[in-house]
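On a predicted model such as this, the values are computed, not experimentally measured, just so you know. Just so it is clear, the values below take in all heavy atoms, side chains as well, and ignore hydrogens, waters and symmetry mates. Naming convention: chains lettered A, B, ... in sequence-line order (proteins, then strands); numbering from 1 in each chain.
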Protein chains: 2
Amino acid sequence: METFPKKPAKPRAEKTRVGAVTLRDVARVANVSVATASRALTGTGLASAETQKRLIQVAADLGYRPNTFARGLKTKSSKLIGLAIHNLENASFRVLAEVVQTRMRALGYEVILSITSDDPGQERSTLATLADHSIDGLIVVPTGANGPQLLGLENAGIPVVCVVRRDEGALLESVLAADPEGAYAGTRHLLALGHRRIGLIVGREDTTSGKERLAGYLRALHEAGLPVDRALIHHGRYVPETGVTAANALLALKEPPTALFVANHESSLGVLRVVSERGISVPDDLSLLCYEDTPWFEWQRPALSVVDSGASEMANLVVDRLMQRIGGAANGGREYRVGVRLIERASCRALEGR
Amino acid sequence: METFPKKPAKPRAEKTRVGAVTLRDVARVANVSVATASRALTGTGLASAETQKRLIQVAADLGYRPNTFARGLKTKSSKLIGLAIHNLENASFRVLAEVVQTRMRALGYEVILSITSDDPGQERSTLATLADHSIDGLIVVPTGANGPQLLGLENAGIPVVCVVRRDEGALLESVLAADPEGAYAGTRHLLALGHRRIGLIVGREDTTSGKERLAGYLRALHEAGLPVDRALIHHGRYVPETGVTAANALLALKEPPTALFVANHESSLGVLRVVSERGISVPDDLSLLCYEDTPWFEWQRPALSVVDSGASEMANLVVDRLMQRIGGAANGGREYRVGVRLIERASCRALEGR
DNA sequence: CTGTTAGCGCTTTCAT
DNA sequence: ATGAAAGCGCTAACAG
């Protein structure tokens, strides 16, 4: 743990604002017991409509703010939820963070952000820390290596919902993209346009998304009665460099593809660079279809067609699920899939003479 | 506040893990009083080196995790810090979030993320909520409209450090980019390349950054003895659309600029689109210099030259400053500036016959 | 419907 | 160096 020099704590404003008004103060002013004040203010328990109104008024006048610690000590609830994601650069993760935080705030919760870098070690330690803070729930893009810890949280009474990825080792509620259908739909689109040699750039086969997207691609090909040319399929890590390597390999083929399905979101940048450097014109020389929408796909010229995996829909659904769980719903271990949507822009064209 | 249906709370694992081990348990097993256990474990107060070692062992064996609420109730410290930023889409803000969260975790703090959308109302309410959670410190990109509230936090003993933007209405410690120098350096670069008509796309004049960057641009021009053509300067909000409007206006000029300085980060996308649509070749027909680096500037072809405003350096510095403040340093109301860095890539060329 | 009371788990005087 | 005990501010029985 990084350390930091601790100055000899100069006299500074006390952390407890002097005279921070407590429930006792409110009760005293209103001439009731703290218990009544508590009931009136929390709305729980029974309090005469009149006293309630009066207490709320007094509390407001005094500028009363309940102490989170004291309340949490009793209720075990922190009104904090954890959000553990790989990074903020991937468009889906970024949207996830934005939507989750916005909605959670509206629901009276704050979110503790934790970036795991897809590293099991970091995920493990962050899980422990979040538990220490008594989060009321956790939304996590699991690395897949900490199923037991995730289940541990559940057993400790902290609802966990996975999103985007699933932890194969734990029966957890999960909100995922419809990756098999997405890749299928994208491939079908290209097929319908007359393309027969379709290059696929996709995540590694040891990731669920990599596997599922490949499956969708293959299914579309099979249904079309087309042979599978393994040389057209390139697996790689979720980084731009993958796009460079893959695009270069694919375009150097004796019989290069007429269309590229970039189903590895992060690779898009790399692919675009290669295409530009090789002087290839999109969509005239090559059709390009990406996966997971991001604002700049639309600003790009030509605007990039995309299979949108519905990041914000997933985010909203995962919030809904978590709230249900916090509200008492049992962990069904159920899996939810958000459908994809094909957004046609200008990077794919129909092949001549099809 | 968004509401949510509350199911009748089915019997679910208790929130308090059954038998969560408390300090009392540790003390009992180690045959000491809770007081001694507390002292030994926190390292504070005096405890014989031996008992301390033993307690730490016992605590580990029992899987003891201190209760954050109980501790906070006494210490007034939550080990939580707030991060209030406009959005996660802007490259600088995103980097800020990543760096702050990573470093803070290493320092033993978690960060509560709050997105304000640059909206004073949201900022105000989030400030109150963060205070309720007894954050130990706040890093904020201020909207500028809530100086009093920010000062209020300070008075309540919660150190506040501003970053990227400054709140003109409050004397708060701030970590900023060296915007005047940045715009000056960028303009000088273009000038040195022989450009005489340099278009400037910049933030609105009622924002500090807009003002400061314009000033830097003007200074460079003056020093070069060049007249200022107001038609070459375009102010606008921090959105891609601004780039479209501005670029179109600038390029439609009778005597169009030979270089464009896009000192409004968000506008870059829009400018790029216009340039592409107009069939303008960069840097042959037009030199392009952007502000605030972002990964895709480097992947773009031609790679975009940029005045990097040092987002990650600002993030690191703001964390350092906040830690000093939490450690007891007084609010100097001091302003720190992180120097910019010109990164030459391939989007600017020297003008013939200069 | 309201008041009294007993803690939640921890840190911190104050004794010893 | 250690223990006993007093709360931190709040909620939740339990009486009334």
Please pick, from C:dG9, D:dT2, C:dT2, the nucleotide with the shortest atom-to-atom distance to any side-chain atom of B:L73. C:dG9

Could you check how far CZ of A:R28 sits from C1' of D:dG9, rounded to whole Å? 13 Å

Nearest-angstrom distance from the residue atom CG of B:D132 to P of D:dG9: 15 Å

Side-chain donor/acceptor of A:T116 to backbone N/O of A:I85, under 3.5 Å: yes

Take atom CZ of B:R65 and atom C1' of C:dC10, then tell me their distance rounded to the nearest Å. 16 Å

Short side-chain to backbone donor-acceptor contact, A:D136 and A:S77, under 3.5 Å: no

Mind calculating the distance between NZ (A:K79) and C1' (D:dC10) to the nearest angstrom? 15 Å

For the pair A:D132 and B:K79, find out whether any cationic side-chain nitrogen is under 4.0 Å from an anionic carboxylate oxygen. no

In whole Å, I'd like the distance from the CG atom of A:N31 to the P atom of C:dG3. 9 Å

Is the closest basic N to carboxylate O distance between B:E173 and B:R334 below 4.0 Å? no

Do the side-chain N or O atoms of A:T22 get closer than 4.0 angstrom to the phosphate oxygens (OP1, OP2) of D:dC8? no

We want to know whether B:T51 and B:S48 form a side-chain donor-acceptor pair, criterion being a heavy-atom distance below 3.5 angstrom. yes

Would you say A:R54's side chain and A:A30's backbone share a donor-acceptor pair under 3.5 angstrom? yes

If the sugar-phosphate is the primed atoms plus P, OP1 and OP2 and the base is the rest, what is the B/S/- string for nucleotides 11-16 of chain D, using protein heavy atoms under 4.0 Å? BBB---

Atom CD of B:Q52 and atom C1' of D:dT2 are separated, to the nearest Å, by 14 Å

Between D:dC10 atom P and B:N67 atom CG, what is the distance in whole Å? 17 Å

For A:H133 and C:dC10, give me the distance from atom NE2 to atom C1', rounded to whole Å. 16 Å

